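In what follows, chains are A, B, ... by sequence order, proteins preceding strands, each numbered from 1. Quick caveat: nothing in here was measured; it's all calculated off a predicted structure.
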Amino acid sequence: MSNTSFPIPMLHSTIRIMAPFLLAAIGGLFTELAGMLNIALEGLMLIGAFFSVIFAAATGSLFLGIALGIVASVLAAYIFGFISLHLRANIFITGLATNVFAEGLTMVLAFQIFGNKGVIRFANLPRLPVLSNPSLQRIPVLGDILVGHNILVYVSWLMVVLASIVIYKTAFGLRVRGTGSNPGAVEATGLSPRRYRMYAILISGFTCGLAGAILSLQLGAYVPGVTAGRGWIALVAIYLGNKTPLGILIACIVFGFAESLSNYAQGVIDVPADFILAFPYIITVVAMIAYSMIRHYRLRGSER
Amino acid sequence: MEGITKFFAASGVLANDAVDLVVEEGEIHAVIGENGAGKSTLMKLLYGLEHADAGEITFRGEKVAIKDPFVANRLGIGMVHQHFKLVSDFTVAENVVLGSEPRARGPFIDRRSAVRDVSKVIEEHGFSVDAKRKVQDLTVGQMQQVEIVKMLYRNAELLILDEPTSVLTEQEIESLFNTLKNLLGRGKTIILITHKLEEVMQMSDRVTVMRDGKVVAVRDTKDVDKRELSRLMVGRDILLEVDRKPPTYGDPVLELKDVTIRCRGQGRPLLDRISFQVRSGELVGIAGVGGNGLAEIEDVIGGLRRATSGRIFLHGEDVTALGPEPLREVGLAYVPADRLRRGASLPTTVRENCIVTKHHDFLRTGILQKRGIRAFTERLIEHFSIDAVEGMPAGNLSGGNIQKMILARELAAETDFILFSEPTWGLDIASSQFVYEKMLELRQRGAGVLLISSNLDEILGLADTVLIMYRGRIVGRLENTESLSKEIIGEYMLGLRDDSQSPSAVASAEGSRG
Ligand SMILES: Nc1ncnc2c1ncn2[C@@H]1O[C@H](COP(=O)(O)OP(=O)(O)OP(=O)(O)O)[C@@H](O)[C@H]1O
Ligand SMILES: [Mg+2]
């Protein structure tokens, strides 16, 4: 690899890598705005990853695979929501339980079906279609970076736009935000805050299912624990993004870039591989510290 | 409403016991009663926020089942809650339309017509809020206007106002009452809950008196007087009177020196070189219209906001930079105006609320001693006659009882300095009386007391020294003598008088106390 062309493929892979972060964070944004700390993103994503690849392989249809992966993840989200909201369990504990449950379920099912605890490869798995458009690709730099990804990457961008519209332009969005800020006020108008919280959880199930589908379909295989903490980083992205879709987009670009950088740096820079692999997480910590310092600075002089 | 009964299993309280309430169309009907009498509960039942165990509601001749506020709204019933129910980071218009948003197409809100419709309601009734402002930037009085606009936007015919005047200044109350009379003229019916008997006399046509969850009397207002009402309410005569003995001052316990707060992007400082002392054995009252710096003084002394410049001393120690917790260690007791967010934690138990500020005392080898805590809490409940069980969440207490719990905790701290901000908002007469007596007792014992209050009767009745705030400055420092009147304070509050400009006046005021 020549040094001059080095940044372009790296940026290209940034775009690919950030898509699952983006989807999970956008779903998590809804639950966050509805006033819930949703730590189940990781588990929901894992369920989506597992079932989408299994069903895609079984049916031979990419679309059915993705759809059923999402269904599984939404179903898990529903159970998570039902226990948290209707049975009034602590949402942090149920979120934790969802993550543990997702890990166990995928492991047990994989072993039951394939008799294998490791990576499961599927020979005839349909590949995600890639958007390639020669005329667009000819645009210098941007064409190389933005074109040529699988369609789900573009779907993730669409979701950002869609989320902004829903959150800021619709009655539904207003109600979800109201539920988060003051559920009592929402209740006093005759609406049920609990219902809007449930909708938000289901939305997070939907986007996490899709995020998981990207992860495993991209690989064309099921890798145990394929999410590798991405759900948690998505949670961080929500806060770094100041709870806005645009902010989340920027935060996800940063995380995508960090991971991409660490992929490329292996073998290029003479640093222990472990350190390079830890790079995205270091970026996360640094970003969190920077964020809280900025907040602190901004709040000084006004209320503490 | 007929035979309405509501039992709260959680607290074991029969909040409403076969209550009958008849409100005639076109009247202002006052509902009064002590803290915890069941007034708010009854209104929540009528508004569909709680559900009765027994009884029926008849509205305009028809039996109705009000299962949620939607149904209430559709029937034309609106309610302004004792504790406002507004989303503070939404605009006025967003708050008003929430739940019945005008739609452009499908799910999309038509923002323009929301702002237009809300502005129309605001203008029609002569309110002063801007539909596009965020609610968090409004004064309490304006927030209440938003709540009223919310009802009117939904075309409510029966308006329930649960203690609307508790949190308002005198000027705001006057303008609220004008609004209410105006609404009455348009054929609306109003239920008004209040603890202030002169408001009942002034505003209502009829009055229902509640005690311990029961209705004890229904009267035409013109046939009763305040004395009789208070007797009906409490079961004995009470008069809001305090016996203030002449003060004996000691050393200063609290001192502010040139405390200033500036906010970026604002020309006028929120606090402008505030200097005063509170001496041992002295009760200093601070008066002012909302928005003139009272809240900032509370924040800065309570350690919730840092002064841009200037110094604060407590017991001679420089506490300018200290936050709330270290301040308490130095010896601050503090009753905040915002009782729900600052004063109490609503989901936690009464017990825990009572000991938060002194939980160290209950630690033995790092573990909280439950028995001691229980006993302590029960003592407070008993001594301050709080309507509560020590293990129930504080949020289930009635509005006035939450405040009593906070007062009990702060008074029990027995510090040498205590800051009260609007201590009697929402308290009934007997409880207010009790708090006044406690304040004077503290002062008698040699503590320094600072009272921030928008209630001038309170200031005149209790304070030794009166400070008046206007636009972030202290414009008047007066000794509370016979000649001081509400009118004089009022003129300072409105900026018609200002001693701070003429140095001789300041010097003489300070000299006389030096
Ligand atoms: N959700 C609840 N759970 C348990 N008990 C409750 C609940 N709501 C109210 N109560 C109890 O019912 C009684 C009546 O309360 P309510 O709020 O109706 O009093 P109120 O007359 O409005 O008093 P205040 O003047 O202090 O506002 C109180 O003893 C209160 O503790
Ligand atoms: Mg009440």
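- To the nearest 0.5 Å, atoms CZ (Arg154(B)) and OG1 (Thr189(A)) are separated by 6.0 Å.
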Point to revise | Residue pair Leu174(A), Glu94(B): steps toward the side chain to side chain contact (heavy atoms under 4.5 Å, CB included) verdict | key: CA-CA 8 Å; Leu174(A) 190 72; Glu94(B) 283 170 333; 3.9 Å; yes
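- Counting non-hydrogen atoms of neighbouring residues, nucleotides and ligands closer than 6.0 angstrom, the CZ atom of Arg112(B) reaches no more than 12 such neighbours.
- Of the inter-residue distances, the one linking Ser181(A) atom OG with Leu86(B) atom CG reads 11.5 Å to the nearest 0.5 angstrom.
- Taking all atoms of both residues into account, the shortest heavy-atom contact from Val87(B) to Ala185(A) is CG2-CB, 3.9 Å.
- With a threshold of 4.5 angstrom between heavy atoms, Phe90(B) approaches chain A through side-chain atoms but not through N, CA, C or O.
- Both the backbone and the side chain of Leu98(B) come within contact range of chain A, with heavy atoms under 4.5 Å apart.
- The two residues Pro69(B) and Ala188(A) come nearest to each other via the heavy atoms CB-O, 3.4 Å.
- If you measure heavy-atom distances from Ser88(B) to chain A, you find no contacts under 4.5 Å at all.
- Heavy atoms closer than 4.5 Å to chain B are found in both the backbone and the side chain of Val186(A).
- Closest non-hydrogen pair, Arg175(A) versus Gly99(B), comes out as NH2-O, 3.2 Å.
- Salt-bridge check for Glu187(A) with Lys85(B): failed, with every basic side-chain N at 4.0 Å or more from each acidic carboxylate O.
- Your options are Gly173(A), Ala171(A), Pro183(A), Gly184(A), and the one with the most heavy-atom pairs under 4.5 Å with chain B is Ala171(A).
- By the neighbour-count criterion of 12 heavy atoms within 6.0 Å, atom CZ of Arg111(B) is densely surrounded, having more than that number from other residues, nucleotides or ligands.
- Using a 4.5 Å cut-off between heavy atoms, Tyr168(A) contacts chain B through its backbone alone, with no side-chain atom that close.
- For His83(B), no part lies under 4.5 angstrom from a heavy atom of chain A.
- When side chains are defined from C-beta on, Phe70(B) counts as touching Leu191(A), because their heavy atoms get closer than 4.5 Å.
- No more than 12 heavy atoms of other residues, nucleotides or ligands sit less than 6.0 Å from atom CZ of Arg273(B).
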